[in-house]
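In what follows, residues are counted from 1 in the order of the sequence shown. Worth saying up front: this structure is predicted, and the values here are computed from it rather than measured.
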Amino acid sequence: MNNHPIVVGMGEALWDVLPEGKKLGGAPANFAYHVSQFGLESRVVSAVGQDKLGAEILENFRQKELYGLIETVPYPTGTVQVELDAEGVPCYDIKEGVAWDNIPYTQALEGLAHQTGAVCFGSLAQRSIVSRQTIHRFLDAMSDDADTLRIFDINLRQSFYTKEILCDSFRRCNVLKINDEELVTVSRMFGYPGIDLQDKCWILLAKYNLKMLILTCGVNGSYVFTPGNISFVETPKVQVADTVGAGDSFTAAFTAAILSGRSVGEAHRLAVDTSAFVCTQQGAMPVLPKSLTERLA
């Protein structure tokens with residue numbers, strides 16, 4: 001593996017329509033943006049429509065110096081209606097039949113796969129067969145190098161997932177990121193017995209031969225399971241503006257730290273601190289303070 005692998009966020013690119021207006025969203029863009037803030041080369045892979053919203057996404061990416069392979073396709077650009085509860089936790093209404101459901105697999109994408117040292121993908125962009133097949137082909141085209149990271153940040157949304165999609169993704173990833181509520185859902189789907197969350201994590205880690213399993217539990221802290229070890233970090237108490245994109249920033253900081261040669265414990269602490277900062281800001285893509293980004297310098 002070279003010293004500067006490309007890190008890819010792959011899947012949905014969309015507008016989060018929040019109470020205060022629309023903000024650029026989608027886990028892959030959030031992830032890639034925060035990775036780039038830590039000084040690593042990142043790319044977004046998605047699709048937008050031949051419309052004003054699509055042009056605005058591309059312009060927004062340019063302004064943020066966020067690079068990618070964003071195809072323009074004959075479908076509307078994705079939007080999500082986001083409503084926040086009293087604690088700032090989002091509830092989503094995700095429109096279907098949109099551009100990011102139709103990400104084409106191209107020669108340029110194949111070339112990018114060969115240069116990718118880490119990719120983060122989720123379940124949402126796999127709700128349609130076109131994007132699902134593109135994601136699978138990309139993962140299959142990546143290097144088999146032992147240091148290559150295929151991160152499945154499960155991100156269960158509405159009813160846009162099936163047991164088959166989750167099974168395929170578990171098999172193709174070597175790092176799984178999941179929250180406590182998603183772990184309960186997965187356990188029900190896969191028929192795991194009524195055992196505690198940690199035991200469920202050990203089962204998944206062993207069954208799918210994962211390098212790491214990241215379990216986030218909101219205010220109750222987070223865990224990173226690796227074969228034979230657990231890292232636990234408490235969640236800092238902060239004044240929450242909203243939690244949109246906080247999980248993506250966690251994954252980005254963790255990935256950047258691991259690729260920069262930091263230990264799992266160091267990567268975990270940076271991820272927690274980064275996510276806590278993002279919770280204090282509105283929207284998914286705030287500029288991170290140097291006190292965070294310079295920890296990988």
Side-chain angles (χ1 to χ4, degrees), residues 1-2 4-14 26-32 35 40-50 54 57-58 61 66-75 77-78 94 96-157 160-178 208-212 248 251-252 255 259:
M1 180 67 61
N2 60 42
H4 303 285
I6 295 175
V7 183
V8 171
M10 189 168 197
E12 63 274 13
L14 48 83
N30 299 340
F31 170 80
V35 165
L40 280 75
E41 191 174 354
S42 70
R43 298 283 187 277
V44 187
V45 172
S46 191
V48 296
Q50 299 165 329
I57 283 181
L58 297 177
F61 283 177
L66 184 54
Y67 305 107
L69 291 178
I70 313 289
E71 296 293 327
T72 302
V73 296
Y75 298 88
T77 296
I94 305 166
E96 297 186 63
V98 294
W100 57 261
D101 285 317
N102 296 277
I103 304 168
Y105 194 74
T106 62
Q107 278 193 311
L109 203 49
E110 176 108 10
L112 178 61
H114 295 156
Q115 303 174 66
T116 296
V119 64
C120 186
F121 66 102
S123 61
L124 181 55
Q126 297 186 68
R127 68 182 182 176
S128 75
I129 187 67
V130 175
S131 292
R132 182 159 71 247
Q133 288 179 342
T134 294
I135 290 169
H136 288 181
R137 290 178 70 182
F138 186 92
L139 293 167
D140 294 346
M142 286 174 63
S143 166
D144 288 329
D145 188 297
D147 294 329
T148 300
L149 301 179
R150 295 174 177 81
I151 304 150
F152 181 39
D153 190 349
I154 190 167
N155 266 339
L156 300 182
R157 294 286 182 261
F160 297 131
Y161 56 90
T162 65
K163 186 174 180 180
E164 181 185 8
I165 286 171
L166 298 185
C167 255
D168 280 347
S169 299
F170 292 155
R171 291 192 193 102
R172 281 183 162 87
C173 76
N174 56 18
V175 179
L176 171 62
K177 178 165 174 281
I178 191 167
Y208 295 102
N209 195 27
L210 303 175
K211 288 177 182 284
M212 298 174 233
D248 304 322
T251 315
T255 302
L259 291 176

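- For the residue pair Asn155 / Ser123, no side-chain donor-acceptor distance below 3.5 Å is found, with atom types taken as modelled.
- A 4.5 Å side-chain heavy-atom check between Phe121 and Cys173 finds at least one atom pair inside the cut-off.
- By the ring-ring contact (aromatic ring centres under 6.0 Å, His included) test, Phe31 pairs with no residue at all, sequence neighbours left out.
- Put simply, the side chain of Thr116 does not reach to within 4.5 Å of the side chain of Val7, judged on heavy atoms.
- Sequence neighbours left out, not one pair with a member in residues 96-117 passes ring pair (Phe, Tyr, Trp, His ring centres under 6.0 Å).
- Listed by chain and residue number, Phe170 satisfy the ring-ring contact (aromatic ring centres under 6.0 Å, His included) test with Tyr208 (two or more places apart in sequence, or in another chain).
- Looking only at side-chain heavy atoms (C-beta outward), Arg150 and Arg172 stay at 4.5 Å or farther from each other.
- Counting only heavy atoms from C-beta outward, the side chains of Asp101 and Val130 never approach each other to under 4.5 Å.
- Here the CD1 atom belonging to Ile154 is positioned 8.0 Å from the OG atom belonging to Ser169, to the nearest 0.5 angstrom.
- Checking each of Leu166, Val175, Leu210, Ile178 against Phe152 for a side chain to side chain contact (heavy atoms under 4.5 Å, CB included) leaves exactly one that passes, namely Leu166.
- Atom CG of Asp153 and atom CG of Leu176 lie 8.5 Å apart (nearest 0.5 Å).
- The residues Asp168 and Arg132 are annotated as not salt-bridged, no charged nitrogen and carboxylate oxygen being separated by less than 4.0 angstrom.
- Judged as a side-chain contact (heavy atoms from CB on, under 4.5 Å), and not counting sequence neighbours, the contacts of Glu96 are Arg127, Phe160.
- Around CZ of Phe61, the count of heavy atoms belonging to other residues, nucleotides or ligands within 6.0 Å exceeds 12.
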Evaluate the criterion side-chain contact (heavy atoms from CB on, under 4.5 Å) for residue pair Val98 and Tyr75; output intermediate values, then yes/no.
CA-CA 5 Å; Val98 294; Tyr75 298 88; 5.6 Å; no
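- For the pair Thr255/Thr251, a side-chain contact is recorded, criterion being any heavy-atom separation below 4.5 Å from C-beta on.
- A heavy-atom distance below 4.5 Å is not found between the side chains of Phe138 and Thr134.
- When every heavy atom of Gly11 is checked against every heavy atom of Ala125, the shortest pair comes out as CA-CB, 3.5 Å.
- We find the CD1-CD1 distance between Ile70 and Ile103 to be 8.0 Å, quoted to the nearest 0.5 Å.
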So Gln126 and Ser131, side-chain hydrogen bond (donor to acceptor under 3.5 Å, both in side chains) or not? Walk me through it.
CA-CA 6 Å; Gln126 297 186 68; Ser131 292; over 6 Å; no
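- Closest heavy-atom contact between Ala99 and Val48: CB-C, 3.3 Å.
- The backbone N or O of Asp147 sits nowhere less than 3.5 Å from a side-chain atom of Lys211 that would complete a donor-acceptor pair.
- Contact between Gly117 and Pro5 at its shortest, heavy atoms only, is CA-CB, 3.6 Å.
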Might you work through the side-chain contact (heavy atoms from CB on, under 4.5 Å) test for Leu149 and Leu259, ending with a clear yes or no?
CA-CA 9 Å; Leu149 301 179; Leu259 291 176; 4.1 Å; yes
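- Summarising the geometry, atom CE belonging to Met10 is positioned 8.0 Å from atom CG belonging to Leu112; distances are rounded to the nearest 0.5 Å.
- Defined by atom type and a distance below 3.5 Å, a donor-acceptor pair is missing between the side-chain atoms of Ser46 and Glu12.
- For the pair Val119/Met142, a side-chain contact is recorded, criterion being any heavy-atom separation below 4.5 Å from C-beta on.
- For the atom pair CD (Gln115) and CD (Glu41), the distance works out to 8.0 Å, reported to the nearest 0.5 Å.
- Taking OG1 of Thr148 as the reference point, atom CG of Asn174 lies at 8.0 Å (rounded to 0.5 Å).
- Thr106 pairs by the side-chain contact (heavy atoms from CB on, under 4.5 Å) definition with Glu71, Pro104, Ala108, Leu109, not counting sequence neighbours.
- With sequence neighbours left out, the side-chain contact (heavy atoms from CB on, under 4.5 Å) criterion links Ala32 to Ser42, Val44, Leu66.
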